[in-house]
Amino acid sequence: LAQVLLAPLETFPLARRLLAPSPPQAMDNSEARLACIKQLQESTSWQVRHKAAESLGQMGGEEARLACMKALQDDGIEYVRAAAAEALGKIGGEEARLACMKALQDDSEGYVRRRAAEALGKIGGEEAVTALTEAFRQHKDSGDVGWRLTGIAAAGAIGQLRPSPELLDEACLACVKALQNDSDENVRETVAQVLGQMGGEEARSACIKALETDELWQVRRAAATSLGQLGGEQAGSALMKALQDDKDPDVRTAAAKALGQIGGDEARAACAKAMQEDPEDSVRISAASAFDLKGSKARDECIEILRTRKDWEARMYAALTLGYIGGEQALNALTEAFSEKYQCSDDWSWRHTSFAAAAAIGRLDPNPQLVKQVRTACVKALTGEKDQDVWVGAADAFGQSVGCKDEDESMGCQTSDTLSQARKACIKVLHDNTKLSTMRYRAATVLGQIGAKQVRRCPKKHLMHTHTFEFAFSCDECGLSIPQGKKFYGCRKCRYDVCPSCFKAEEISIACAQAVRDDKCFNVRIGALKALGQVGGEAYEACIKALKGDPDERVRCTAAEVLAKLGRDGEAQTALEKASQEDAHESVKAAALKANKKIAVETGKENEEGKTKDLERQLQEQKANVVQLEHQVQANAKSAEAKVEQMEQQVQANAKSAEEKIKDLERELQGNKAKVEQME
């Protein structure tokens, strides 16, 4: 829900902190696996080796297992060894189990030993249980903190495997004792995390006590999270008290999430109250997302907040939450908050609320007339609003409305006047360096959304890019003649080319390319690159130049990511290959390498698809040839039958003629015999 609520606010520091990046997708391509193995074995950067080990854990396979086992044993950096142990836990297998058992016993770093214990908890098996039990019993009371943490991690793995009630109780009691008495804060935090896997009344009571009394907020947060796993009425009561009274927002956030796991009317009511009253954004968001807020109580509470609260942030979150809840009453409340009364208010906070409501309306599939009203109001703000926060809110709302149809579009118009007006307003802001970078970034984002809707694509829906030819040709869309050397837009895969007028997004493409080249703020350049990734046009040239020469590594990483999205291009692939080897920043090297691999994979897929289509075409041709031959055989058979019939008729005619001749000869013979007799 946090992602839904904060989708239009990703440039804000709070949103960046709350929205965790999505996990990388697993790859099963053998070339990618071999490349990761090579990086794990040969890269001089431990960050690259660490990332390679993580990727191999997702890919799996025997080669990945062997490479991670070697890294776990030999790599000189503890974080790489820990990542290798974690990867082995995902890959599994007897050899992986033995390697993790050895690391649990022998590795000099506690961080690696803990990851090895966790991996054994995932792999399982009698040998793993034996090794974990030995480590737990040997190190749970060690005087060295690192070894005590190893013992606690082993206990957590035992709790995950649950080999026998007796061993589980032994591990649980040791963890409870450590949570109550250990002087080291890291040990207590780790124990509080582990107890959530143990279960039982002792674990629950210990976590409740830690949540209520421990001085360290990290321990209280871990205890709250574990109570969400352990459940129970007492756990719910302790969490509701922590949600209301704990001084640390991270603890209250964890308490809200845990209450969502436990459930119940009282927990729901506590979260609803926190959503309205807690001063911290993160707590209010967690409270809102802890339960399925599509019930009437939550809807009515959000409507009340939207209408009456003076806190503009509370009204904003209420509006965005109503956009998630949906329904006629939510839409009516949002439409009321969006009314002209609030759009034109002298109080900037109510104008901001009005556009937060407009952004939420865009998620509810509104009717075309309401979409037109939203866009018209947003365009008015984009061209005349002085307050930066309100302007950004209007841009968010307009961007959200782009995916809907307004009155003009629903009546068959290919584009709406409001889209053109918003495009001009955003281009003006994007080029105005006196505007705040937040406004310029949002302008680039909206331009990308508008361009993605308006841009002309080839018949196979590929983006088209800038080209020039040394000879004249005509537009494949309108037939206009394009003189020699003039710029046009085309898809080289499909050999489909159009003039700038038919491309529809030339102005946006040029504006964003200029921002990538000239804007002083890295965030604006990133936004412009992402917009180019949605419209094409000048995208390749702008991304290649940014990858080669932008001073900020974050911009260069984004350029690599956009090039991966755009797909195969010789110059782009050359630039990515060079960046993956020569860039001064490891993150750019990794991004460029990943982009080149993605392009290679996509190219391989396209080649395979092309081969498949060729084979299908050949098959169709062969089928057509077979049908033609069948027709020819049938025709020849009919012709042969006709000839046989004709010959039979000829034979019959000849036979009949011969019979008549025989009869004539017989008559003549009889006549001759009569003459002979007469002469005799």
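Note: hydrogens, waters and symmetry copies are ignored here, and every other heavy atom, side chains too, is used. Note that the coordinates shown come from a computational prediction; the quantities given were computed from them, not determined experimentally.
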Count the heavy atoms of every other residue, nucleotide or ligand shown that sit under 6.0 Å from [atom1] of [X], and state whether that count exceeds 12.
| X | atom1 | result |
| --- | --- | --- |
| K487 | NZ | yes |
| E62 | CD | yes |
| E571 | CD | no |
| K122 | NZ | yes |
| E541 | CD | no |

Check this for me, if you would: do [X] and [Y] make a salt bridge, where the nitrogen-to-carboxylate-oxygen distance has to be below 4.0 angstrom?
| X | Y | answer |
| --- | --- | --- |
| E477 | R456 | yes |
| D552 | R525 | no |
| E561 | K565 | no |
| K51 | E54 | yes |
| K623 | E630 | no |

Problem - Short side-chain donor-acceptor distance under 3.5 Å, Y489 and E506 - result: yes
Handout entry: Q628 and Q632 side chains, donor-acceptor separation under 3.5 Å
Key = no
Between [atom1] of [X] and [atom2] of [Y], what distance do you get to the nearest 0.5 Å?
| X | Y | atom1 | atom2 | value |
| --- | --- | --- | --- | --- |
| L563 | L576 | CG | CG | 5.0 Å |
| D497 | C475 | CG | SG | 8.5 Å |
| D417 | R375 | CG | CZ | 11.0 Å |
| Q343 | T353 | CD | OG1 | 12.0 Å |
| C302 | Q329 | SG | CD | 12.5 Å |
| S501 | L480 | OG | CG | 8.0 Å |

Would a distance-only check, ignoring hydrogens and angles, find a side-chain to backbone donor-acceptor pair under 3.5 Å from [X] to [Y]?
| X | Y | result |
| --- | --- | --- |
| N596 | A592 | no |
| S474 | G479 | no |
| K453 | V402 | yes |
| Y441 | C521 | no |

Exercise for the section: List the steps and the verdict of side chain to side chain contact (heavy atoms under 4.5 Å, CB included) for M464 and R457. Expected result: CA-CA 6 Å; M464 293 190 283; R457 293 173 179 258; 5.5 Å; no
Exercise for the section: Step by step, work out the side chain to side chain contact (heavy atoms under 4.5 Å, CB included) result for K597 and C36. Expected result: CA-CA 11 Å; K597 289 175 184 175; C36 286; 4.2 Å; yes
Practice task
For a side chain to side chain donor-acceptor pair (under 3.5 Å) with R440, tell me which candidate from T434, D519, T445, D432 qualifies.
Solution key: D519
Please examine the side chains of [Y] and [X], heavy atoms only from C-beta on, and report whether any two atoms are closer than 4.5 Å.
| X | Y | answer |
| --- | --- | --- |
| V524 | S437 | yes |
| M316 | H352 | yes |
| E385 | R351 | yes |
| S401 | C378 | no |
| Q39 | L593 | yes |
| N367 | V371 | no |
| L532 | S509 | yes |
| Q449 | V446 | yes |

Between [X] and [Y], which heavy-atom pair has the shortest distance, and what is it?
| X | Y | answer |
| --- | --- | --- |
| Q421 | V379 | OE1-CG1, 3.4 Å |
| L430 | A444 | CD1-CB, 4.1 Å |
| C491 | L463 | CB-O, 4.4 Å |
| R423 | Q454 | NH1-OE1, 3.5 Å |
| W391 | L382 | NE1-O, 3.0 Å |
| F522 | R554 | CZ-NH1, 3.4 Å |

Exercise for the section: Report the residue from L88, L40, L66 that forms a side chain to side chain contact (heavy atoms under 4.5 Å, CB included) with L56. Expected result: L40
Problem - Chi angles and distances behind the side chain to side chain contact (heavy atoms under 4.5 Å, CB included) call for N433, K520 - result: CA-CA 8 Å; N433 288 325; K520 303 301 182 185; 5.6 Å; no
Exercise for the section: Check the angle between the aromatic planes of F338 and F355 and answer parallel, tilted or perpendicular using the 30° and 60° thresholds. Expected result: perpendicular
Exercise for the section: Could you give me the CA-CA distance, side-chain angles and deciding distance for H585 and K589, then say whether side chain to side chain contact (heavy atoms under 4.5 Å, CB included) is met? Expected result: CA-CA 7 Å; H585 204 280; K589 288 183 178 180; over 6 Å; no
